[in-house]
Structure formats: C-alpha cells, structure tokens
S.K.: 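Have a look at the structure that comes next, please.
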Amino acid sequence: MNLAALRPCSFVDWPGRIAAVAFTQGCNLACRYCHNPGLVPLRGGGRVSEEEVLSLLEARRGRLDGLVVTGGEPTLQPALPRFLARVKERGFAVKLDTNGTRPEVVEALLAAGLVDHLAVDLKATPDDATWLTGSEAQPRGARRCLELALARGVAHEVRTTLASPVHRPEALDELAGWARGAQLWAIQRFRPGGHLDPRSGLAPPGDALLAAAREAAAAHGLALRVR
Ligand code: SF4
C-alpha cells in the first residue's frame, strides 16, 4: 500500500463510529474542487507503512471501532485487498471511500467481505462530470458501486460535494436520480481555498442550490445530510 498519511482518531469520517483514517496516494481523477491535491499524483506518498497503521489499531483497541481508507483513490492500490484483510483479521471494521471509477475492484472487495461501509462519490450529472473531474467515468461508475452495495446489503452512502456554478439547481433532480435507493445522500458544501484548480471559478453552493438538493432528495426518497 502506498499510504501518504494516517489520522489516529476521527469522529467525523465515519459518522457514529470512532475510527483511524488512512490516506492512500494517487488518484485517477482530477476534480477541480479537490481539497487533497497533494494526494492526486500517483508518485509520492510512502510516508506511512501498513505496519504503522496496524500497530496504531492494536494500540487503540477498545477505543477505535475501525479504519477509514480514503485517498486519493484507494481502489488504485493493488495491495488493498490484502491490507483490508489484515485489518479485518484483527477485528476492526472498515469503511472504504471511493470515487466510484473502479466498480470492478469494489465488487471484489464486497464479495470478499472486506468492507463494512462504502462511501461512494457522486460527482455530477454526465453533462458536467467530465469538466469537473477530467474523466467520463462519473456518474455511471458511482451508480454501479451503489448497486453493488445494495445487492450485497453493505451499509453505504453516496457523497456529493456541491459547488456553483458546475452544479445547477435544475440538474439536481437528475443527480439525485443517480443516487436512488441509497441509504444516505451526504452533501458537502464546497469551500474555496487550497483546492486543485483555483482558476475554476467554483464557489460555495448558494441557498437555491441547497434548496434544490433538499427538494430532489425528497422527490427520490433519499435521506439527506448536508455538511
Ligand atoms: S476529490 Fe477527486 S481528485 Fe481529489 S482525491 Fe477525490 S476523486 Fe481524487
């Protein structure tokens, strides 16, 4: 595993649980709003070993519920299945954050019982996702990941960072449709500063956009959490 950082304890990365957070290096998207630009390059990282993560979990046994693996994009790591198995063997739960571009990897992890909670990013509608992420993989891959979690009965959430003007109030109903059936649609407000593309013109979502998200969630029967 190419790990770039380790947060020993978090109360917010896995709501309802106390978890350590391991950050993988490298991502296959280049989201203009990314707040972890240092984790996007495939090269670099290597600042934390698997052994350090496992030692931390052991040292905090009884005080930590599990481990959140985030990135970067964790599914790019060839060693991810073996690493998660080592965490699970020690009795710790695993939450996996993914950008939804590699459903085939997610499928294998879920089939092996290595993920207790899947958080999948839903970036934007097809019309907007390519500009926002630099890839055409969204949102179809995210939908596939969600369907895999639903089929396996794995706890999950779909996450969207809302930013203006790429997210438009009139497109929120379509976006919510990609999340239909999800246990939770977690919306995070974009906050400018330190993000990947400071020239993108992205701004925090306004009241109209947030209201459109609430309306769309209600129309699609989605539980909504706005942060
Ligand atoms: S926000 Fe986008 S570019 Fe940044 S780590 Fe997540 S998926 Fe990768």
Side-chain angles (χ1 to χ4, degrees), residues 1-7 10 12-14 19 21-48 67-78 80 83 95-106 109 115 117-146 148-149 156-167 175 178-179 182 185-205 225-227:
M1 290 287 287
N2 185 354
L3 297 170
L6 175 63
R7 185 178 297 152
S10 168
V12 298
D13 288 84
W14 192 347
V21 185
F23 296 82
T24 61
Q25 180 71 40
C27 187
N28 54 348
L29 296 184
C31 305
R32 294 175 190 268
Y33 57 45
C34 179
H35 272 113
N36 286 323
L39 297 180
V40 174
L42 295 172
R43 293 188 177 197
R47 290 185 286 276
V48 179
L67 179 70
V68 174
V69 183
T70 189
E73 175 48 35
T75 64
L76 295 177
Q77 303 285 326
L80 184 63
F83 176 58
K95 173 175 178 271
L96 178 69
D97 293 351
T98 177
N99 65 19
T101 58
R102 307 199 79 206
E104 68 284 359
V105 176
V106 169
L109 294 172
V115 176
H117 188 108
L118 183 74
V120 57
D121 292 347
L122 176 65
K123 302 288 188 185
T125 59
D127 283 349
D128 301 319
T130 305
W131 178 84
L132 181 62
T133 70
S135 162
E136 296 182 350
Q138 276 273 345
R140 288 177 186 80
R143 178 71 206 169
R144 177 68 184 138
C145 290
L146 169 60
L148 290 166
H156 59 271
E157 64 190 78
V158 172
R159 308 185 306 178
T160 300
T161 298
L162 276 188
S164 293
V166 64
H167 294 114
L175 189 60
W178 288 90
W185 189 19
I187 285 186
Q188 184 173 317
R189 297 170 226 231
F190 169 69
R191 291 182 176 85
H195 54 292
L196 186 63
D197 183 3
R199 296 182 181 170
S200 58
L202 292 174
R225 185 181 72 218
V226 179
R227 279 195 292 183

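All values below come from the heavy atoms of this structure, side chains included, with hydrogens, waters and symmetry mates left out. What you are looking at is a predicted structure, and each value in this text was computed from that prediction instead of being measured. Numbering of ligands and ligand atoms starts at 1, following listing order.
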S.K.: Going from CG on D121 to CG on L29, what distance comes out if it is rounded to the nearest 0.5 angstrom?
M.R.: 8.5 Å
S.K.: Among all protein non-hydrogen atoms, which one is nearest to atom 6 (Fe) of ligand 1, and what is the separation to 0.1 Å?
M.R.: K123 NZ, 4.0 Å
S.K.: Give me the ring orientation class for F190 and Y33: parallel if the planes are under 30° apart, tilted from 30 to 60°, perpendicular past 60°.
M.R.: tilted
S.K.: Check ligand 1 against C27 and write out every atom of the ligand that is under 4.0 Å from a heavy-atom position of the residue.
M.R.: 3 (S), 5 (S), 7 (S), 8 (Fe)
S.K.: Is it true that L39 lies under 4.0 Å from ligand 1, counting heavy atoms only?
M.R.: no
S.K.: Show me which atoms of ligand 1 lie under 4.0 Å from any heavy atom of N99.
M.R.: 7 (S)
S.K.: What protein heavy atom sits nearest atom 4 (Fe) of ligand 1, and how far away is it?
M.R.: C34 SG, 2.3 Å
S.K.: Below 4.0 angstrom from a heavy atom of G72, which ligand 1 atoms are there? Numbered from 1 as shown, please.
M.R.: 5 (S)
S.K.: Any idea which part of H35 is under 4.0 Å from ligand 1, heavy-atom wise: side chain, backbone, both or neither?
M.R.: neither
S.K.: Do R102 and L76 pass the side-chain contact (heavy atoms from CB on, under 4.5 Å) test, and can you show the C-alpha distance, the side-chain angles, and the key distance before you say yes or no?
M.R.: CA-CA 8 Å; R102 307 199 79 206; L76 295 177; 3.6 Å; yes
S.K.: For a distance under 2.8 Å, tell me if C31 has an N/O/S atom near atom 4 (Fe) of ligand 1.
M.R.: no
S.K.: Does a sphere of radius 6.0 Å around CD in E104 hold more than 12 heavy atoms from other residues, nucleotides or ligands, not counting ones at 6.0 Å or beyond?
M.R.: yes
S.K.: Under the side-chain hydrogen bond (donor to acceptor under 3.5 Å, both in side chains) rule, what do T98 and E73 come out as? Steps first, then yes or no, please.
M.R.: CA-CA 6 Å; T98 177; E73 175 48 35; 2.8 Å; yes
S.K.: Backbone N or O of T125 within a donor-acceptor pair of the H167 side chain at under 3.5 Å?
M.R.: no
